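None of the values given here were measured: they were computed from a predicted structure. Reminder, nothing fancy here: chain letters follow the sequence lines and each chain counts from 1.
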2 protein chains.
Amino acid sequence: MQRDTSQRRAIRRALEDAGRPLGALEVLEASKSAAPGLGIATVYRNIKALLKGGDISEVALPGEPPRYEAAGKDHHHHFRCERCEKVYELGGACLPDLKNALPRGFRATGHEVLVHGVCAACARKR
Amino acid sequence: MQRDTSQRRAIRRALEDAGRPLGALEVLEASKSAAPGLGIATVYRNIKALLKGGDISEVALPGEPPRYEAAGKDHHHHFRCERCEKVYELGGACLPDLKNALPRGFRATGHEVLVHGVCAACARKR
DNA sequence: CCAGATATGATATTGTATTATCATTATCAA
DNA sequence: TTGATAATGATAATACAATATCATATCTGG
């Protein structure tokens with residue numbers, strides 16, 4: 001049976017509270033205060049378990065390792081800051097006529113949008 | 001000085017003629033008829049040289065190694081077939097109001113869209 | 001509280017894409 | 001044609017994220 005450990009709680013909580021997708025190392029950092037001594041292997045193990053349990057979902061990004069966010073959100077897109085490399089969640093505004101742009105015979109089942117630029121925090125700095 | 005070899009010609013030509021972004025192994029395959037015995041190291045070397053020379057550009061994809069396409073095209077998006085895993089180029093149709101969806105203080109410098117589904121060739125098969 | 005099972009942390013290992021090495025081959029200016 | 005040297009192919013080495021291993025620590029049902 002699945003046990004209730006402080007590490008598991010800390011990791012789940014970090015992902016729920018982040019409000020944005022976190023990578024494995026970000027999860028490690030965010031969980032350390034609640035679970036001192038936490039190791040990266042445990043982070044990976046629990047990310048996998050949370051994925052399997054449907055608690056979080058994977059956010060695949062071009063050219064870098066995946067991030068993870070709380071599951072069950074409405075369809076949305078992401079923003080990646082090119083300075084701090086954090087990924088943020090964008091509000092739902094979506095593109096309705098993507099299908100019209102498809103070549104004949106192609107069938108779309110989904111899409112991903114990644115906007116990049118500078119986030120508010122970094123824009124403030126310089 | 002840069003020399004003109006059959007391998008280099010074959011690789012450049014494969015990327016120009018493909019009409020869609022190719023990964024390193026796809027480049028190898030597509031170039032073999034024009035350059036028998038071609039090795040993967042040479043493919044990587046020439047991809048890098050073509051990138052530096054501005055002849056091709058990199059197409060980064062979520063969760064997989066990059067593809068490369070002829071440079072200088074108008075802004076466009078990509079389609080990835082989930083059966084054959086080929087990536088196709090989509091016509092220009094773009095999303096004008098992405099900026100409106102940005103949180104206060106965020107500044108966008110660009111975006112990428114990846115549509116996924118089944119390409120015409122695979123849809124025909126089954 | 002205890003015993004057995006699960007989880008953890010440290011680290012070794014794997015898997016995969018890319019780059020470096022090096023002996024050999026091919027290009028090209030003179 | 002030829003000599004200097006850039007390019008090639010085979011493969012070893014690297015980089016990196018993710019997983020496996022294993023001794024130890026921690027849960028939890030009884």
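Here the side chains of A:Leu90 and B:Pro103 are in contact, with some heavy-atom distance below 4.5 Å. Between B:Val113 and A:Glu112, every side-chain heavy-atom pair lies at or beyond the 4.5 Å cut-off. Here the side chains of A:Pro21 and A:Val87 are in contact, with some heavy-atom distance below 4.5 Å. Taking 4.5 Å as the limit, some side-chain heavy atom of B:Leu114 sits within range of a side-chain heavy atom of B:Arg80. Looking only at side-chain heavy atoms (C-beta outward), B:Gln7 and B:Thr42 come within less than 4.5 Å of each other. Proximity of B:Arg12 to B:Leu50: side-chain heavy atoms (C-beta onward) are separated by under 4.5 Å at one or more points. Counting heavy atoms from C-beta outward, A:Arg9 and A:Asp4 have side chains that approach closer than 4.5 Å. Side-chain atoms of A:His78 and A:His76, non-hydrogen and from C-beta on, do get closer than 4.5 Å to each other.
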Contacts under 3.5 Å, N or O only, protein and nucleotides 25-28 of chain D:
unit_1, atom_1, unit_2, atom_2, d
D:dT26, O2, A:Arg3, NH1, 3.2
D:dC27, O2, A:Arg3, NH1, 3.2
D:dC27, O2, A:Arg3, NH2, 3.2
D:dT28, OP1, A:Asp4, N, 3.1

Please tabulate the protein-to-nucleotide N/O contacts below 3.5 Å involving nucleotides 10-16 of chain D, giving atom names and distances.
none

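Residue A:Arg83 places its CZ atom among more than 12 non-hydrogen atoms of other residues, nucleotides or ligands, all under 6.0 Å distant.
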Hey, can you pull the donor-acceptor pairs under 3.5 Å for the side chains in residues 23-32 of chain B, sequence neighbours left out?
unit_1, atom_1, unit_2, atom_2, d
B:Glu26, OE1, B:Gly23, N, 2.8
B:Glu26, OE2, B:Arg20, NH1, 3.4
B:Glu26, OE2, B:Arg20, NH2, 3.2
B:Ser31, OG, B:Val27, O, 2.6

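Map B:Pro65 and A:Val43 each onto its nearest nucleotide of DNA chain C; the residue landing nearer the 5' end is A:Val43.
By the side-chain hydrogen bond (donor to acceptor under 3.5 Å, both in side chains) test, A:Arg13 is found to be paired with A:Asp17, residues two or more places apart in sequence or in another chain being considered.
A salt bridge links B:Lys73 and B:Glu89; the closest N-O separation between the charged side-chain nitrogens and carboxylate oxygens is under 4.0 Å.
B:Arg12 has its CZ atom 12 Å from the P atom of D:dA7, to the nearest Å. Rounding to whole angstrom units, CD1 of residue B:Ile11 and P of D:dG9 are separated by 8 Å.
Using cut-offs of 30° and 60° on the angle between ring planes, the pair A:Tyr88 and B:Phe106 is perpendicular.
The stretch residues 48-59 of chain B has no heavy atom under 4.0 Å from DNA chain D, so no residue of it qualifies as close.
Read 5' to 3', the first and last nucleotides of DNA chain C with an atom closer than 4.0 Å to a heavy atom of chain B are C:dA17 to C:dC28.
At the phosphate of D:dA18, OP1 or OP2 sits under 4.0 Å from a side-chain N or O atom of A:Tyr44.
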